[in-house]
Amino acid sequence: MTLVLGIESSCDETAAALVTGDRRILAQAIASQEAEHAPYGGVVPEIAARAHAERLAPLVEKVLREADVTLADCDAIAATAGPGLIGGVMVGLVTAKALAMASDTPLLAINHLEGHALSPRLADSTLAFPYALLLVSGGHCQILRVAGVGQYQRLATTIDDALGEAFDKTAKILGLGYPGGPAVERLAMQGDAAAVDLPRPMKGSKEPHFSFAGLKSAVLRAKEAQGSRGFSYSDADIAASFQQAALDCILDRTRKALKAMQPVTALVVAGGVAANQTIRSGLEQLAREHGLAFTAPPLALCTDNAAMIAWAGIERLREGFSADPLDLQARPRWPLDPDAEAVRGAGVKA
Ligand code: KG4
Ligand code: ZN
């Protein structure tokens, strides 16, 4: 049975996991850095890199102990090699290289986005290629056609902010702290989604790309106008209206992309924002309309984790991809689809 150790350190979660070829997560450990970054309202790269360096080795020891295996039992060590905050990625990759060298185990350099893209197949053994993937996280907002391991066609990206970023900025405007997504979702439950008139950027536009900067600015204006005559809505109303506007954009853009990429077997949503229940159920409905299966990984596999990195390693081993050299460099940028056309404004953010 294939066994892979996964390591993730590209943003603000330090994580290690042991996953088997038959989809069992033997052990996993995640150390979140929320508390370290919260005072700054966002991830501070230097703090993140230091925290990864302090925590990663003990986490690897912990999962090996819990699963009662050694590095020598592993078929490979899979580590995120990008894209992400370069200091953190380097810590994870250099740790993986050292472990690989010491135990004479192959190293697999994994694209973090590939981890997200394949994570639904770790949770769902019936999910077959090709599928439509909406990848929505703090740094990325893309629609991809996933035709196989290593075969990704990007149909859409954001021309400014990622969706998770828009959630985080909305949370900041409403004073909800960091990370914002879950807090906005909680507050939105008590609000009226029709209370605040917000724009739906890019809705109806020809290409299925995203834009969220205008929506974020509109949230800021709504907050500033709150309480003045004719603007008697609550923070919960703003949160709910924002979430609804975001969902409308996503549905419109995904509908557009689906038209361009059929046939696919399923609509899949992955990345941190996939934890949002309103967005999940909106997409589920959209999939139904198109006669497609719908899959979203369980919440723990949506946000950054090492099981998805280990799983991407397993998928790569199965497909016969060879091990990576120990002098491989970490990559701050690493598109899943290198052939995708450059989009005005895209790539400005992480
Ligand atoms: O995939 P992820 O853990 O890290 C990145 O690779 O970016 O995604 C984190 C993002 C954050 O922006 C966070 O606010 C957002 O996912 N997020 C959510 C929810 N949970 C996490 N956004 C909306 N609703 C949620 N429940
Ligand atoms: Zn991620």
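Each ligand, and each atom within it, is numbered from 1 in the order the structure gives. What you see is a predicted model, and the numbers here were worked out from it, not measured in a lab.
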Within a distance under 4.0 Å of any heavy atom of Gly164, pick out the atoms of ligand 1 and give their elements. 12 (O)

Ser137: numbered ligand 1 atoms lying under 4.0 Å from its heavy atoms: 1 (O), 5 (C), 6 (O), 7 (O), 8 (O)

Name of the residue among Thr105, Val63, Val19 meeting side chain to side chain contact (heavy atoms under 4.5 Å, CB included) with Leu5: Val63

Straight-line distance of Ile110 CD1 to Ile7 CD1, nearest 0.5 Å: 11.5 Å

Please check: side-chain N/O of Asp237 versus main-chain N/O of Asp192, any donor-acceptor pairing under 3.5 Å? yes

Between Glu36 and Arg50 (salt bridge meaning N to carboxylate O under 4.0 Å), is one present in this structure? no

Could you check Lys223 against Asp235 for salt bridge (charged side-chain N to carboxylate O under 4.0 Å, His left out), going step by step and ending with a plain yes or no? CA-CA 8 Å; Lys223 178 65 188 166; Asp235 280 0; 2.9 Å; yes

Heavy-atom nearest option to atom 24 (N) of ligand 1, drawn from Asn276, Thr303, Val184: Asn276

Run the numbers for me: atoms of ligand 1, each under 4.0 Å from some heavy atom of Glu185, listed by number. 25 (C), 26 (N)

Any atoms of ligand 1 less than 4.0 Å from a non-hydrogen atom of Gly139? List them with their elements. 7 (O)

Please state which protein non-hydrogen atom is closest to atom 3 (O) of ligand 1 and give its distance, to 0.1 Å? Asp304 N, 3.0 Å

N or O contact, Gly272 vs ligand 1, cut-off under 3.5 Å: yes

When you measure from atom 7 (O) of ligand 1 to every protein heavy atom, which one gives the shortest distance, and what is it? Gly138 N, 2.7 Å

Do you see a donor-acceptor pair shorter than 3.5 Å between the side chains of Gln243 and Asn276? yes

So how far is it from Arg253 CZ to Leu134 CG, rounded to the nearest 0.5 Å? 12.0 Å

Pro182: heavy atom below 4.0 Å from ligand 1, yes or no? yes

How many N, O or S atoms of the protein are nearer than 2.8 Å to the Zn ion (ligand 2)? 3

Top protein contact for atom 13 (C) of ligand 1, by heavy-atom distance: Asp168 OD1, 3.8 Å

Short N-O contact, Arg200 and Asp252, less than 4.0 angstrom: no

Out of Gly84, Ser32, Gly181, whose heavy atom sits nearest atom 22 (N) of ligand 1? Gly181

Answer with side chain, backbone, both or neither: which part of His112 has a heavy atom less than 4.0 angstrom from an atom of ligand 1? side chain

Given Arg331, Glu8, His140, the one that forms side chain to side chain donor-acceptor pair (under 3.5 Å) with His112: Glu8

Qualifying residue for side chain to side chain contact (heavy atoms under 4.5 Å, CB included) with Ser10, from Leu93, Thr80, Asn111: Thr80

Distance col, row Gln329:CD vs Ile86:CD1, nearest 0.5 angstrom, shows 8.5 Å

Specify the closest pair of heavy atoms between Arg145 and Leu155, including all atoms of both residues, with the distance to one decimal. N-CD1, 3.8 Å

Have a look at ligand 1 and work out which part of His116, if any, has a heavy atom under 4.0 Å from it: side chain, backbone, both or neither. side chain

